[in-house]
Amino acid sequence: MSSTETLQIKNYIGLKGDQPIKFIASDVDGTLVNNAKAIPDEAIEAIRDARESGIRVAIASGRAWNEMNDVIEKLPCLRYFMCTNGAYVMDKEENRSLFHVTFDKEQALYLLRKLLTYGVYVEAYVKDKIFGMYPPSRCITPERLSACASERKSPNTKASVGLVDNHLPSLMNHPQLGVPEEHLPGETHDHYALAEGDEAANDNLSECEVEQSNFFFRPNIRPFILATRTMVPDLLAHMEALDEGPEKMQIFYGDEPMRQRILQDLRDEYQGMSHDGTGRERFYDVLLSSEGNLEFVLPHTTKGTAVEALANHWKFSPDEVMTLGDSENDLSMLRFAGASVAMGNGKPNIKEAARYVTTDNNHHGVAKAIYSAIAYNDELNKNKLL
């Protein structure tokens with residue numbers, strides 16, 4: 001998947017300025033990991049070299065805290081994780097949250113009721129858990145299946161996948177799964193064993209669940225999604241039973257026409273603002289992603305605000321910060337940092353917002369940006385000695 005190019009400490013991206021890079025914040029999906037969802041060895045080595053040179057490195061991701069296990073396993077040296085687009089910031093070393101903000105519960109339930117009408121997979125991020133629910137199978141019409149199949153066979157998409165060619169069997173026809181006593185109302189089971197190839201987990205999944213996951217989740221992310229979600233039969237009842245709202249809600253839409261319909265209905269022109277043009281308060285933004293999903297987040301809690309808060313805590317100026325990202329939820333931190341770096345696989349608007357562009361996530365984009373920062377700092381230090 002990744003390039004075999006041999007890397008060195010070199011200013012690959014042409015960093016310029018008079019302030020050293022002291023803090024690097026990297027996105028994960030589409031950035032730190034390649035399309036196979038693996039962290040390349042070269043990126044691991046570059047991060048270690050950066051830390052040894054005195055640069056602080058942290059993660060800023062749309063992922064929940066419980067989705068960071070692969071990053072922690074490969075990079076145990078990392079301490080700070082800005083999760084759920086900055087709404088949940090964790091100090092791994094002290095195992096405590098530094099910052100946590102949620103939707104107002106009633107507003108979240110209002111939005112959730114809207115999302116459930118579209119016949120898409122919907123999920124809610126609650127601290128270190130992600131609760132998800134498939135729609136009734138009747139929502140997956142032959143037209144949607146055809147649109148999804150066409151999109152995934154397109155040369156512009158990451159992968160293709162075989163799809164069922166008829167209506168999915170009704171969820172109502174399958175027996176209830178066992179519910180552990182400590183689970184909240186509406187909660188059923190998670191899918192860790194399935195992603196690890198456990199046949200027993202396959203036995204616990206209905207044919208409908210397997211087909212639903214094939215429709216909504218792209219092949220490169222499906223095992224990861226199934227390994228990190230707790231599926232519930234009634235997400236609304238589950239969220240009503242919680243004491244507070246979620247940090248984020250997210251949908252996987254399955255087909256492009258549904259994506260366009262939801263964006264037309266729910267995304268306005270006042271992204272990032274607390275009020276719309278009529279003075280009415282806004283309580284969510286809709287962020288686009290490249291993995292077949294849309295994120296519904298708080299307008300003023302972003303990766304950018306989290307990165308800025310950490311930088312301020314360490315008394316670093318924006319010019320001393322490098323951020324790396326590829327998607328719309330990275331724009332806030334790209335706009336904050338003096339050394340903002342877009343991935344080569346990022347969309348044009350992401351590249352336009354960044355000051356620098358590195359190679360894509362399959363060709364050492366993160367490693368090259370980090371080595372650029374080390375080389376740039378070394379050059380500044382040499383010039384000071386002259």
Side-chain angles (χ1 to χ4, degrees), residues 7 9-28 30-32 43 46-62 78-82 85-86 89 98-99 271-272 287 300-361 364-386:
L7 302 183
I9 296 176
K10 172 183 174 181
N11 194 346
Y12 290 95
I13 64 174
L15 278 176
K16 297 178 181 178
D18 55 11
Q19 296 294 317
I21 301 301
K22 297 181 179 180
F23 172 32
I24 297 174
S26 175
D27 171 47
V28 177
T31 302
L32 180 62
I47 288 171
R48 288 173 180 161
D49 289 343
R51 284 174 50 81
E52 288 177 5
S53 75
I55 300 174
R56 297 176 187 260
V57 182
I59 294 297
S61 174
L78 297 185
R79 175 173 178 175
Y80 297 101
F81 291 78
M82 293 165 275
N85 293 327
V89 181
L98 302 179
F99 179 75
Q271 293 285 105
L287 301 181
H300 289 303
T301 303
T302 65
K303 293 183 184 183
T305 59
V307 169
E308 182 177 5
L310 276 182
N312 289 341
H313 174 71
W314 292 321
K315 295 181 171 51
F316 297 155
S317 70
D319 286 340
E320 295 172 314
V321 178
M322 171 183 281
T323 52
L324 301 120
D326 73 303
S327 295
E328 191 173 63
N329 66 0
D330 299 311
L331 281 172
S332 58
M333 69 175 182
L334 292 175
R335 288 168 177 154
F336 167 75
S340 53
V341 184
M343 300 297 293
N345 50 291
K347 295 246 173 99
N349 63 319
I350 308 302
K351 294 176 181 177
E352 289 169 8
R355 192 165 295 183
Y356 304 95
V357 177
T358 186
T359 49
D360 66 45
N361 62 322
H364 310 314
V366 165
K368 286 184 175 181
I370 292 175
Y371 281 132
S372 295
I374 298 172
Y376 164 77
N377 285 356
D378 288 346
E379 188 65 26
L380 285 181
N381 289 330
K382 288 178 184 176
N383 291 338
K384 285 181 180 178
L385 296 176
L386 296 178

> Specify the closest pair of heavy atoms between Ser332 and Lys303, including all atoms of both residues, with the distance to one decimal.
OG-N, 3.6 Å
> Parallel, tilted or perpendicular: which describes the rings of Phe23 and Trp314, with under 30° parallel and over 60° perpendicular?
perpendicular
> Got a second to check how far Ile370's CD1 is from His364's NE2, nearest 0.5 Å?
13.0 Å
> Can you find a pair of side-chain heavy atoms, one from Met82 and one from Ile59, that are under 4.5 Å apart?
no
> Got a donor-acceptor contact below 3.5 angstrom from the Tyr376 side chain to the Gln19 backbone?
yes
> Counting heavy atoms not belonging to Lys347, are there more than 12 under 6.0 Å from its NZ?
no
> Quick check against the 3.5 Å criterion: does Arg355 have a side-chain atom that pairs as donor or acceptor with the backbone of Gly338?
yes
> Atom CG in Asn11, atom CD1 in Ile374: separation rounded to 0.5 Å?
11.0 Å
> Check Thr305 against His300 and note the closest heavy-atom contact, atom names and distance.
CG2-O, 3.7 Å
> Is a donor on one side and an acceptor on the other found under 3.5 Å between the side chain of Ser327 and the backbone of Asp330?
no
> Which heavy atom of Lys10 sits nearest a heavy atom of Ala375, and at what distance?
C-CB, 3.6 Å
> Please lay out, stage by stage, how Thr323 and Leu334 fare under the test side chain to side chain contact (heavy atoms under 4.5 Å, CB included).
CA-CA 6 Å; Thr323 52; Leu334 292 175; 3.7 Å; yes
> Does any part of the side chain of Asn85, heavy atoms only, come nearer than 4.5 Å to the side chain of Thr302, both counted from C-beta?
no
> Hey, is the main chain of Arg56 close enough, under 3.5 Å, to the side chain of Lys22 for a donor-acceptor pair?
no
> Indicate yes or no for a side-chain donor-acceptor contact from Asp326 to the backbone of Asn345 under 3.5 Å, with no hydrogens or angles considered.
no
> Do Thr359 and Tyr12 come close enough that some side-chain heavy atom pair is under 4.5 Å?
no
> Between Ile55 and Ile21, which heavy-atom pair has the shortest distance, and what is it?
CG1-O, 3.4 Å
> What pair of heavy atoms forms the shortest contact from Thr358 to Ala369, and how long is it?
OG1-N, 4.0 Å
> Between Leu331 and Ile350, is any pair of side-chain heavy atoms under 4.5 Å apart?
yes
> So Ile47 and Leu78, do their side chains get closer than 4.5 Å, heavy atoms only?
yes
> So which heavy atom on Ser26 is nearest to which on Leu32, and how close?
OG-CB, 4.0 Å
> Between atom CZ of Arg48 and atom CZ of Arg51, what is the distance when rounded to the nearest 0.5 Å?
10.5 Å
> A side-chain contact here means heavy atoms from C-beta on lying under 4.5 Å apart; do Tyr356 and Leu15 qualify?
yes
> Using only atom types and a distance under 3.5 Å, with no angle test, would you say the side chain of Ser372 pairs donor to acceptor with the backbone of Ile13?
yes
> Do Val321 and Pro318 come within less than 4.5 Å of each other through their side chains, counting heavy atoms only?
no
